[in-house]
Amino acid sequence: MPSQWSTSLRNLAWNKEFIMKSYYIKDIFDKMEVGQIVEILGWVASKRNMGKIVFLDLADSTGKIQATVSKGIDSNIFLKARELAPESSVRVEGVVKKLRKSKEIEVKVIELICDASPHVVPQPRSSFDIFDKKLVDLILTKRHLYLRNERLMAVLKFRHKLIEIFREWFRKEGFIEIHAPILTQLPLYDDDTLFSLDFFGERIFLTQCVAFYLESAVCAFEKVYNINPSFRAEKSRGKRYLAEFWHIKAEIAFADFNDIIAFTEGMISYVIRRIRAESKDELKILKVDIEESRLTKTPYPRITYDEALNSLKAMNTIKEWGKSLSDMDVSSLSKAFDTPFWVTGNPRRIEAFPYKIDPSNTQLTKTADLIATEGFGELLGVAEKIWQRNELLERMKEKGKDSDERYRWYLELRQFGSIPHSGFGMGIERLIRWLLRLGHVRDAIPFPRLFRRHPNP
RNA sequence: UCCCCGGUAGCUCAACCGGUAGUAGCGGGUGGCUGUUAACCACUAGGUUGCAGGUUCGAGUCCUGCCCGGGGAGCCA
């Protein structure tokens, strides 16, 4: 039985069964005037029952607004409001009222769209700490419901904006986006770090890295990039590991080691400036300050692998030459810098086969890792690639891949009009974790895939 | 893969040297309160202690195996 309010409103705007919203809660604050009749489609964020008044915090994707239901107006509506479970979705009609310097809604009509009891605890839209270590298991188990949490939403909006800014940057710089396959025969690393599946009777893998395909595309387009997930079945439990992570990869033709370093520095400092300016709301919710002037001070300092080992030695950490730097090593090193910094020239022994050997010291590769500040670890890696067939073949022999038929086409790229090129790869979640100071990369992605955790939801 | 730690109410946790599970907080239910904002106050319900064995008169507690999680190492982006 529609009330007068309901019918009058529906005649105004909503004369159909399925309603697409034309304004959101944020618009009520920004654009609507006191006295205006509004309709809110959203959720009950929280509720406070008083004797003759109920306070509802109504939320939608854009924010929260307080709504009041007085017993005096209509006792049915009042009772309905009293019994609403937090998180229930509702349609509310009401009048915009002044509340000190802000606004609230005086409710005239409430329709329950979907009841949310029994309750989800803690309530996703309440202000509990979604990153509380005690709640890790619960939040991940109920991740599908906790996406409604304000702080998680802020992280995911930040992520969305960050990726948009990267795409803008690539576009500005004349790159084209290449959609590389996710199903592939080519592993970058060892077989025990691959997720395999059945491709019409043939064993293939989820990609670990799309660089092979970008290296084909770079020979045509000269500047190419790709953003998609990479998969690593590494049995890793650290704060920086996801079995499925979003990977930004780019290749540039006729660029060498120094070019790719300068290029990525420009990109990172651009992205930091833009994201800070464009995510003010999210940063405020997350109580994070991105120190732009400090973090964008390029060029970033460079130390060589040998220098890194010496610094570690000075800090009483003896590292055998030729081993890769651990998270802890890299974290100790970061104490000496207030910006990100490069570690250049990783030993050939520990690097993958496509990366160029340093002609001035053949034990080293033309690679570098960009290390974040404050112990947040490696952000990205750059490499000059091997572009000559013989050199590549020699490296593949070294890694036992030279007779592997699957790499034949990759070798062919070095045979038919090959060109020098360099590239970089970055895990998006690691960048987000650093910028937002998150405890774990799992909170930088909506549905994390983690070693020793069921992929559910 | 290795090393630590944990699994008790819907959630977070208590429970001494092994003695038969808590008036705990949050959440639920009932009642009260027109200005609260994670409202508050009173009362109340709620448990095959992860699973399977074992030791014991007796196991949440000790032992073995398994399952499920968390932290760290190694390895990577």
Side-chain angles (χ1 to χ4, degrees), chain A residues 45-58 64-73 78 82-83 85-87 97 99-100 102 104 106 116-129 132-142 150 188-190 192-193 208-211 229-249 323-330 346 350-352 367 369-372 376-383 423-434 439-442 444 450-454 456:
Chain A
S46 63
K47 183 189 67 167
R48 293 170 294 282
N49 286 346
M50 310 296 289
K52 287 173 183 150
I53 188 166
V54 177
F55 294 95
L56 298 171
D57 288 341
L58 300 175
K64 283 198 252 191
I65 191 164
Q66 174 164 285
T68 59
V69 188
S70 301
K71 195 172 186 177
I73 285 169
F78 177 75
R82 263 190 90 84
E83 282 162 21
E87 302 302 328
K97 293 273 171 178
L99 174 63
R100 293 185 283 275
S102 186
E104 66 176 6
E106 187 180 296
S117 53
H119 300 204
V120 182
V121 179
Q123 290 159 24
R125 307 233 37 163
S126 71
S127 59
F128 80 101
D129 180 10
D132 186 344
K133 289 208 170 80
K134 277 177 168 181
L135 300 173
V136 168
D137 186 37
L138 176 72
I139 302 298
L140 289 176
T141 304
K142 300 285 180 190
E150 187 182 47
L188 181 60
Y189 301 107
D190 296 333
D192 62 344
T193 64
Q208 288 181 318
C209 179
V210 298
S230 285
F231 304 86
R232 306 270 168 95
E234 292 156 19
K235 295 178 167 96
S236 306
R237 288 188 48 80
K239 299 168 159 78
R240 300 162 28 77
Y241 289 84
L242 290 169
E244 175 177 5
F245 68 94
W246 280 72
H247 206 170
I248 300 182
K249 294 287 305 181
K323 293 241 172 180
S324 54
L325 302 175
S326 70
D327 274 1
M328 255 171 61
D329 297 337
V330 142
N346 286 325
I350 53 172
E351 280 294 356
T367 59
D369 295 327
L370 185 64
I371 312 299
F376 278 85
E378 188 182 329
L379 286 177
L380 60 86
V382 302
F424 78 89
M426 177 168 67
I428 292 172
E429 293 80 12
R430 289 184 174 178
L431 179 66
I432 295 170
R433 181 171 100 95
W434 173 55
H440 197 295
V441 285
R442 65 186 166 217
L450 298 157
F451 168 61
R452 234 166 74 177
R453 233 199 124 78
H454 286 302
N456 177 38

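What you are looking at is a predicted structure, and each value in this text was computed from that prediction instead of being measured. Proteins get letters first, then strands, A, B, ... in listed order; numbering begins at 1 in each.
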> Checking all strands, does Lys235(A) fall into the base, sugar-phosphate, or nothing category for heavy-atom contacts under 4.0 angstrom?
Replying inline: base
Here the distance between atom P of A38(B) and atom CE of Met50(A), to the nearest Å, is 13 Å
Comparing Val441(A) with Phe451(A), nearest RNA chain B nucleotide closer to 5' gives the residue Phe451(A)
message = Using the P atom as the point on both nucleotides, what is the distance between G58(B) and G22(B), in whole Å?
response = 22 Å
Checking N1-N3 plus N6-O4 or O6-N4 for Watson-Crick, or N1-O2 and O6-N3 for wobble, each under 3.5 Å, the partner of A77(B) is none
Worksheet item: Arg240(A) near the nucleic acid: base, sugar-phosphate alone, or nothing, with a heavy-atom cut-off under 4.0 Å?
Response: base
Determine whether a donor-acceptor pair (one donor, one acceptor, N or O, separation below 3.5 Å) exists between the side chain of Arg237(A) and the base of G71(B).
yes
From the list Lys142(A), Arg453(A), Arg452(A), Arg442(A), salt bridge (Lys or Arg N to Asp or Glu O under 4.0 Å) with Asp137(A) holds only for Arg453(A)
Give one of base, sugar-phosphate or nothing for Lys64(A), where a contact means two heavy atoms less than 4.0 Å apart.
nothing
_Within the 4.0 Å heavy-atom criterion, would you say Asn49(A) contacts the bases, only the backbone, or no part of the nucleic acid?_
base
Check: NA contact type, Gln66(A), heavy-atom cut-off 4.0 Å: base, sugar-phosphate, or nothing?
Finding: base
Using Watson-Crick geometry (N1-N3 plus N6-O4 or O6-N4) or G-U wobble (N1-O2, O6-N3), each under 3.5 Å, U48(B) is paired with none
Task: Pair of N/O donor and acceptor under 3.5 Å linking C75(B) base with Ser236(A) side chain - done: yes
Worksheet item: Can you tell me how far C1' in G46(B) sits from the matching atom in G53(B), rounded to whole Å?
Response: 30 Å
| task | For Val121(A), report the nucleic acid contact type (base, sugar-phosphate, nothing); a contact means any heavy atom under 4.0 Å. | result | base
In Watson-Crick or G-U wobble terms, with both distances under 3.5 Å, the base opposite A15(B) is none
Open item on the list: Between Glu429(A) (side chain only) and Phe245(A) (backbone N and O only), is there a donor and an acceptor less than 3.5 Å apart?
Closed with: no
Ser326(A) has its side chain closest, among G74(B), C11(B), G35(B), to G74(B)
Whichever of Leu450(A) and Thr193(A) has the more 5' nearest nucleotide on RNA chain B, that residue is Leu450(A)
| For the side chain of Arg100(A) and the base of U37(B), is some donor closer than 3.5 Å to an acceptor across the two? | yes
To the nearest angstrom, the CZ-P distance between Phe231(A) and C75(B) comes to 24 Å
Discussion item. When you measure from the side-chain N and O atoms of Ser70(A) to the phosphate of U34(B), is any distance below 4.0 Å, counting only OP1 and OP2?
Written reply: no
Same-atom distance (C1') from G27(B) to A45(B), integer angstrom
13 Å
* To do: Please measure how far the P atom in U37(B) lies from the corresponding atom in G47(B), and state the result in whole Å.
  => 33 Å
Exercise for review: Check for a donor-acceptor pair, side chain of Arg125(A) on one end and backbone N or O of Glu150(A) on the other, with a separation under 3.5 Å.
Suggested key: no
Practice problem: Pick the C1' atom in C4(B) and in A39(B), then give their distance to the nearest Å. | Solution: 43 Å
With a non-hydrogen cut-off below 4.0 angstrom, is Leu99(A) in contact with a base, only sugar-phosphate, or nothing? base
Taken to the nearest whole Å, CZ/Phe376(A) to P/C76(B) is 22 Å
Exercise. Between G35(B) and U30(B), how far apart are the C1' atoms? Round to whole Å, please.
Key: 24 Å
Looking across every strand, which nucleic acid part, if any, lies under 4.0 Å from Leu242(A) by heavy atom: base, sugar-phosphate, or nothing?
base
Check this for me: does the side-chain of Arg48(A) come within 3.5 Å of the base of G35(B) through a donor and an acceptor?
no
Quiz item: Ignoring hydrogens and angles, does a donor from either the side chain of Asp327(A) or the base of C76(B) sit under 3.5 Å from an acceptor on the other?
Solution: yes
task: May I ask you to verify whether the side chain of Tyr241(A) and the base of C75(B) hold a donor-acceptor pair under 3.5 Å?
output: yes
task: With heavy atoms under 4.0 Å as the rule, sort Leu379(A) into base, sugar-phosphate or nothing.
output: sugar-phosphate
For C62(B), the nucleotide meeting Watson-Crick or G-U wobble distances (both under 3.5 Å) is G54(B)
Looking only at atom C1', what distance separates A9(B) and A15(B), rounded to whole Å? 14 Å
Worksheet entry | Arg430(A) (side chain) and C76(B) (base): donor-acceptor pair under 3.5 Å | yes
query = Does Arg452(A) place a side-chain N or O at less than 4.0 Å from the phosphate oxygens OP1/OP2 of G71(B)?
reply = no
Under 4.0 angstrom, heavy atoms only, what part of the nucleic acid is Glu104(A) near: base, sugar-phosphate, or nothing?
base
Base orientation of C5(B), chi within 90° of 0 counted as syn, else anti, reads anti
Winner on side-chain proximity to Arg442(A), out of G70(B), C11(B), A77(B), is G70(B)
Going by 5.5 Å between centroids and 30° between planes, is there a stack of Phe128(A) over A38(B)?
no
Looking at Arg240(A) and Phe376(A), would you say the former's side chain and the latter's main chain have a donor-acceptor pair under 3.5 Å? yes
Review point. Within less than 4.0 Å of OP1 or OP2 of U34(B), is there a side-chain N or O belonging to Thr68(A)?
Key: no
> Within 45° of the ring axis of Tyr241(A) and under 6.0 Å from its six-membered ring centre, is that where the NZ or CZ of Arg430(A) lies?
Replying inline: yes
Paired to C43(B) by Watson-Crick or G-U wobble criteria (both distances under 3.5 Å) is G29(B)
query: How far does the P atom of G25(B) sit from the matching atom of G19(B), given to the nearest Å?
result: 25 Å
Rounded to whole Å, NZ of Lys134(A) lies from P of U8(B) at a distance of 14 Å
Test your reading of the model: is there a side-chain donor-acceptor pair from Asn49(A) to the backbone of Arg82(A), 3.5 Å cut-off? yes
Quick check against the 3.5 Å criterion: does Gln208(A) have a side-chain atom that pairs as donor or acceptor with the backbone of Tyr189(A)? yes
dist Asp192(A):CG -> Lys235(A):NZ (nearest 0.5 Å) comes out at 6.5 Å
When both distances are under 3.5 Å in a Watson-Crick or G-U wobble arrangement, the nucleotide paired with C2(B) is G72(B)
For Ser324(A), answer base if it contacts any base atom (sugar-phosphate contacts may also be present), sugar-phosphate if it contacts only those atoms, and nothing otherwise; contact means non-hydrogen atoms under 4.0 Å.
sugar-phosphate
Exactly one candidate in Lys47(A), Arg48(A), Lys64(A) meets side-chain hydrogen bond (donor to acceptor under 3.5 Å, both in side chains) with Asp57(A); the answer is Arg48(A)
